4 protein chains.
Amino acid sequence: MPVQQARARSRQQKILKAAASVFAKRGYQDVGMDEIARASGTSKGGVYFHFPGKDAVLLALLDQTSTLLRRKVEKAIAAADDPVARAEAALHVLLQTLSKHRSLARIFAIEALGAGGRLNQRVMQIQDEFAVLIQAQLDEAIVAGAIPPIDTRVAAQAWIGIFHSVIMRWLTAKERGESSPDLDETYETIRIMLFRSVGADPGHLPGAVQDDRDGQAR
Amino acid sequence: MPVQQARARSRQQKILKAAASVFAKRGYQDVGMDEIARASGTSKGGVYFHFPGKDAVLLALLDQTSTLLRRKVEKAIAAADDPVARAEAALHVLLQTLSKHRSLARIFAIEALGAGGRLNQRVMQIQDEFAVLIQAQLDEAIVAGAIPPIDTRVAAQAWIGIFHSVIMRWLTAKERGESSPDLDETYETIRIMLFRSVGADPGHLPGAVQDDRDGQAR
Amino acid sequence: MPVQQARARSRQQKILKAAASVFAKRGYQDVGMDEIARASGTSKGGVYFHFPGKDAVLLALLDQTSTLLRRKVEKAIAAADDPVARAEAALHVLLQTLSKHRSLARIFAIEALGAGGRLNQRVMQIQDEFAVLIQAQLDEAIVAGAIPPIDTRVAAQAWIGIFHSVIMRWLTAKERGESSPDLDETYETIRIMLFRSVGADPGHLPGAVQDDRDGQAR
Amino acid sequence: MPVQQARARSRQQKILKAAASVFAKRGYQDVGMDEIARASGTSKGGVYFHFPGKDAVLLALLDQTSTLLRRKVEKAIAAADDPVARAEAALHVLLQTLSKHRSLARIFAIEALGAGGRLNQRVMQIQDEFAVLIQAQLDEAIVAGAIPPIDTRVAAQAWIGIFHSVIMRWLTAKERGESSPDLDETYETIRIMLFRSVGADPGHLPGAVQDDRDGQAR
DNA sequence: GATGAATGAGACTTCATTCAT
DNA sequence: CATGAATGAAGTCTCATTCAT
């Protein structure tokens, strides 16, 4: 029955969308299945029909989102010219995408990390996946002689860490009494640091041009 | 009544120590006051006599620990020679200290995230405090001409992000099926990246020597 | 879904009935939700599904009971011949009904007092409602010239006070080492006092006849 | 050691006074021993040195107050001229005294009644003691031919009930959204009802004169 | 006598999950 | 497929009472 399957999928999407919204607004821990159900226009039993449990909802959300993100990242990588630019483009597109989906950003950066056990692991795994993508570009860059040899595994993870810190600052600015930082502006500095950190010349790709291209591409 | 006060203080310390242990082992969310009490050799009511609630226990733990850490960091900063080295020494001593107190590291990096908004904010605040320390060194470095001008606020935060990623990898390596990374080795790469990221010459301070000096400073 | 709703309503009734029983037997304060649940053949969570808290159970009990009582009282008022008799009939039927439901009597007169301000207020409100009914009859009696003018508001409240004292004595007789008073006998005296207190002639309605008529009215 | 005994007694009085205040303000159930201790300028252990438990504090308060009240009532009875006036004077002085000590009124009429078991019993006992005093006057009145024969036990209790209702209305007026009733005015009606209820002529003792005399006597 | 830290039973409440309808 | 009533384990917190100092 493809009709029913389609209905089921759409219902699942509705639930995931609603869950993303409430998780971001009130925190994974503080949201009950009741609330997810209500926000989805379903009943508690309905949610349980589609997902085996509360953490499965978040897990599905993480998986679905990370798949989409990875696709975007891969596209961005493919579109860039040289290895280091490719690595940088990966992070840049990640940042730009999440900056447009605050809920998802919060879920990845805070909610799922603090949700304990399985959820935590999955987030780290997803980070790993992105780190691997970046690492591959850095490896190429070394082979190409664009940057000096370095432990690219560690470097890629460090880049993810930088990225994470930017997102966190942005997400928690209001709660900390700061004005929300301008991400584009912040990223100017960040890109320079990324390039320099691996020994690449930040000057060989003028920031403004890069930014414009990226912005239009999406 | 210094006698009773002394007893109270020692009991508080006992509770905090026990709490650190159980929070790290089984997660803030999964630990009940029962468990904290049992681990402290106290009763539930005893814990509540000293702390108004479970989150207050974690809060006290964070505050106490962060104070100690800041002291260490300040000492390390004072002991280093030039501005960039001071900034780097801050992170290095942080890493070395937390690597010796896995429980505390886990609580700062992971558990506090799942403990609700207030705790969350506090962790970010504490990160800010360290960021400010680092930022001050970078500012000096720029004034001294050791590194080119840069948005030191963003840079300091990025450094914290790098540091954070190292800690997270180390904490979750086992759960992710990886072997626990050797932090000293990892840090070799990290330090180079830190220096380079702000345009400093990483070569001017050989790793081994740096390590030794740090060791003596503590 | 009238099926589920029917089940829910019946379950609520079961809970209220059980609560009335245990509250009367062991006192509102000494009864836990555990006990209410057990007595209802439900689980603690089940009680909380239907009532937001322990005091809400008592509140619902008071409301439901007072509605039933008011209906009885209004019927008795309608069945009596002259205004003063109507006022008296109101109290009489109240007494006769509560004397058959000791649990409810105890809950209204004693338990609700120890259940905190809100419940307390509600009981006074309910008393007010009955006082208003009586006051209306006394007002009519004055208009009809059956009794001399008087502050009927105060008078009605005084009647309630008399009624209350009878109930209290009856409820606490055993605990005070007295034999439980015969309410019918006591009421002989009470009725005379009620009539006299407002200047009515108590002789015009012989007790026995009054009693029979009341009995039929119900 | 009479000195120590005196100190002990004064400390007890301080505790009782403080307890009366906090019980009246926040309710017996909601007040903890901590609060009693703090309000007494003592420590929790200090309260336990003087009283075996929380209910013992309230019990002592009830006993002490009721003794004082009984003394006043007996004096008022002795001062009145004829038997019915004596009975009425008992209630009147009770009302006037409690109207000047709202805290105590609330404790007798609400807190202790809702406090369960022993406390409840004691309040009813105390009510009995006053009822007996009144009953004795009514008995004399019957012997003297001032009022027709009646079950004086029931009558006396009914009088107490009327008295209780007046106090309750006065105590809870604010919470019920009413303006606090003027007790003197209310009592005009009440006295007439009291007299009439036992078949006495309320005219034989003009209200105003009676009131003035009573007021001056105290 | 007094203090206040400590106890521990028990209160209320929440919520992920199950399942009859 | 969906509903929502029901479950029950577990959690946080309170507080009368005890007792070492």
Side-chain angles (χ1 to χ4, degrees), chain A residues 1 4 7-8 11 29-38 41-57, chain B residues 1-12 29-37 40-56, chain C residues 1-12 29-37 40-56, chain D residues 1 4 7-8 11 29-38 41-57:
Chain A
M1 303 125 186
Q4 294 208 9
R7 220 173 50 184
R11 179 57 68 98
Q29 300 285 354
D30 290 353
V31 167
M33 285 300 251
D34 273 324
E35 201 164 342
I36 298 173
R38 212 177 314 125
T42 327
S43 66
K44 225 181 328 192
V47 179
Y48 274 97
F49 180 82
H50 292 289
F51 299 96
K54 187 175 148 186
D55 59 353
V57 175
Chain B
M1 300 92 206
V3 178
Q4 295 216 16
Q5 279 182 17
R7 208 175 24 150
R9 192 148 307 178
S10 105
R11 180 59 65 103
Q12 279 183 30
Q29 297 285 355
D30 291 353
V31 167
M33 285 300 246
D34 276 328
E35 203 163 339
I36 298 174
S40 328
T42 324
S43 62
K44 224 188 314 193
V47 178
Y48 274 98
F49 182 81
H50 291 290
F51 301 95
K54 197 171 88 165
D55 59 350
Chain C
M1 302 86 210
V3 179
Q4 295 216 17
Q5 279 182 16
R7 207 170 31 148
R9 193 149 308 175
S10 104
R11 180 58 67 101
Q12 279 183 31
Q29 297 285 351
D30 289 354
V31 167
M33 284 300 245
D34 275 329
E35 204 163 341
I36 298 173
S40 328
T42 324
S43 62
K44 228 187 310 192
V47 179
Y48 274 97
F49 181 80
H50 290 291
F51 302 95
K54 196 171 87 164
D55 59 350
Chain D
M1 300 122 183
Q4 294 209 8
R7 220 174 47 181
R11 180 56 70 100
Q29 300 285 356
D30 290 354
V31 167
M33 286 299 252
D34 272 323
E35 201 164 341
I36 299 173
R38 213 176 315 127
T42 326
S43 65
K44 222 177 336 189
V47 178
Y48 274 96
F49 180 82
H50 291 292
F51 299 95
K54 187 176 149 186
D55 60 351
V57 175

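Just so you know, these numbers use all the heavy atoms, side chains as well, and skip hydrogens, waters and symmetry mates. What you are looking at is a predicted structure, and each value in this text was computed from that prediction instead of being measured. By convention in this document, chain letters (A, B, ...) are assigned in the order of the sequence lines, proteins followed by strands, and residues within each chain are numbered from 1.
Note that OG of S40(B) and CD of Q12(B) are 11.5 Å apart. Values are rounded to the nearest 0.5 Å. Interatomic distance, R11(D) CZ to H50(D) NE2, rounded to the nearest 0.5 Å: 5.5 Å. In this structure, CZ on F49(B) lies 11.0 Å from OG on S43(B), to the nearest 0.5 angstrom.
The nearest heavy atom of DNA chain F to G41(A) and to G32(D) marks one nucleotide each, and the one closer to the 5' end goes with G41(A).
In terms of heavy-atom proximity, E35(A) sits nearest to D30(A) at OE1-O, 4.2 Å.
Nucleic acid contact class of V31(A) (heavy atoms, under 4.0 Å, all strands): sugar-phosphate only. Residue contacts shown for G45(C) include a base, since a base heavy atom lies under 4.0 Å away.
Computed from coordinates, the D30(D) CG to dA11(E) P distance equals 16 Å when rounded to whole Å. Per the geometry, CD belonging to Q12(C) stands 15 Å off P belonging to dG4(F), to the nearest Å. Per the geometry, CD1 belonging to I36(D) stands 12 Å off P belonging to dC15(F), to the nearest Å. In this structure, D34(D) atom CG and dA6(E) atom P are separated by 14 Å, rounded to whole Å. The CD-P distance, from Q29(A) to dC15(E), rounds to 10 Å in whole Å. The nearest whole Å value for the distance from the CE atom in M33(B) to the C1' atom in dT14(F) is 12 Å. With rounding to whole Å, R38(D) atom CZ is found 19 Å from dA2(E) atom P.
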Both atom distances under 3.5 Å, Watson-Crick or G-U wobble: I'd like the secondary structure of DNA chain E as a dot-bracket string, with | for pairs made across strands.
.||||||||||||||||||||
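Distance alone, capped at 3.5 Å, places no donor-acceptor pair between the K54(C) side chain and the I36(C) backbone.
Taking 4.0 angstrom as the limit, R11(B) places none of its side-chain polar atoms (N or O) nearer than this to OP1 or OP2 of dA20(F).
Near DNA chain F, defined here as any heavy-atom distance below 4.0 Å, the residues from residues 46-56 of chain D are Y48(D), G53(D), K54(D), listed numerically.
Side-chain atoms of K44(A) come within donor-acceptor range of the base of dT17(E), with a qualifying N/O pair under 3.5 Å.
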